[in-house]
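Note that the coordinates shown come from a computational prediction; the quantities given were computed from them, not determined experimentally. All chains are named by letter (A, B, ...) in the order of the sequence lines, taking the proteins before the strands, and each is independently numbered beginning at 1. Side chains are part of it too, since the values below use all heavy atoms of this structure and drop only hydrogens, waters and symmetry mates.
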Protein chains: 2
Amino acid sequence: MSPLIESFVRHFGEMGSRWGINRTVGQMYAYIVLSDEPVNADELAAELKVSRSNVSMGLKELQSWNLVRLLHVPGDRKDYFTAPEDVWEIAMTLINERRKREIDPTLTVMRDLLMENPRSPSDQYAQGRIEEMYQLIEMLTHWSREIQQLSPKQISRMLKLGAGVSKLLG
Amino acid sequence: MSPLIESFVRHFGEMGSRWGINRTVGQMYAYIVLSDEPVNADELAAELKVSRSNVSMGLKELQSWNLVRLLHVPGDRKDYFTAPEDVWEIAMTLINERRKREIDPTLTVMRDLLMENPRSPSDQYAQGRIEEMYQLIEMLTHWSREIQQLSPKQISRMLKLGAGVSKLLG
DNA sequence: CTGAAATTTCAGAAAATAGTGAAAGTTGAT
DNA sequence: ATCAACTTTCACTATTTTCTGAAATTTCAG
């Protein structure tokens, strides 16, 4: 692995571990993303110096996140993996998977708590807070879903506009 | 602690641990946020059934994230903590602190790697990928900064507009 | 100052998470 | 059907992270 690639892989391993993703899985994904060609499990194990079984588990996780695509090269029985070529697609996938796993269940819990009737003034206050958070999260996820309907071109135009939208909004 | 509050606190503990924040710190913050009145360390230790020293470390962490405000109640030597009353403010703080700790250092690493000269075609490919990611992250953080200039009113108007912006953009 | 009240520190214990190697399971070419 | 190539599983070990209690430190009323 070239020093350039290694630095990146290392850094993403660290970052991953700050996010509930484990270091090795982070490194594996960084390596796959930077790879020109599809990557197989043995290559990952060799380059990252981890056991073959660890790689197998990591790949399973990346697949469950829809972050890699499995493919085969003719005349080779190994499984090969690539990341989407479009970095936007990777970002969207990450956002959507996180929403599915974390935001949606949280909204459900909050909705349930808002249905209960408060047994005390402090419950009442708590529900008020939960309501505010619920509205906020709801609004953000709804927005994120809508934005994903747009083409990358439109999205980047909007992002570049930035605070400029306020003018459009009057 | 009422069942309602306990459910919320439990859930946020779990969520926290999926995000590089530890379970107890997550629970502590949930408890503080739902509290009508300022909370002191002994109360947290008692309610969450963790050691006083663990609470002390957790509070230090919450303070380093700017998520709590320290205050004193007259005639009491204990330190009391509250969360901002505005949930938008909490969200912004989270975004900004995460940017400072995770995104900014990542951009720095990437920028450095883009300066190096590639020693092989695969380095060249890797740099291309890094460049794409750099642009994307840069655009998103720039946007996030700009949006924060707007008033909560304007922000929520924009978010509600959702994909509707595309019309404005022509 | 003094000392009680409070907070912080920190070394070690406990718990949780990640990683390994050996064995089992799959797959597909012959 | 066989068997070599490849992948997965899983019980166990290693590592990392979190938590605790005791001791040290800080703070402030008297």
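At the heavy-atom level, A:N54 lies under 4.0 Å from base atoms of the strands shown. Counting any heavy atom pair closer than 4.0 Å across all strands shown, A:D42 reaches no nucleic acid atom. Residue-level contact check: B:T24 touches the backbone only, with heavy atoms under 4.0 Å from sugar-phosphate atoms and none from bases.
Residue whose closest nucleotide on DNA chain C sits further toward the 5' end, between B:D76 and B:R23: B:D76.
The side chain of A:N40 contributes no N or O atom lying less than 4.0 Å from OP1 or OP2 of D:dT7. Look at A:R52 and you'll find a side-chain N or O under 4.0 angstrom from OP1 or OP2 of D:dT7.
No salt bridge links B:E43 with B:R52; every basic N to acidic carboxylate O contact stays at or beyond 4.0 Å. Taking the charged nitrogens against the carboxylate oxygens, A:R10 and A:E47 have no contact shorter than 4.0 Å, which rules out a salt bridge.
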Please enumerate all protein N or O atoms sitting under 3.5 Å from an N or O of nucleotides 25-30 of chain D, with distances to 0.1 Å.
unit_1, atom_1, unit_2, atom_2, d
D:dT27, O2, B:R77, NH2, 2.4

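The base of D:dG21 is paired with the side chain of B:S53 by a donor and an acceptor separated by under 3.5 Å.
No side-chain donor-acceptor contact under 3.5 Å links B:E61 to the backbone of B:V25. Between the side chain of A:R129 and the backbone N or O of B:E85 there is at least one donor-acceptor pair closer than 3.5 Å.
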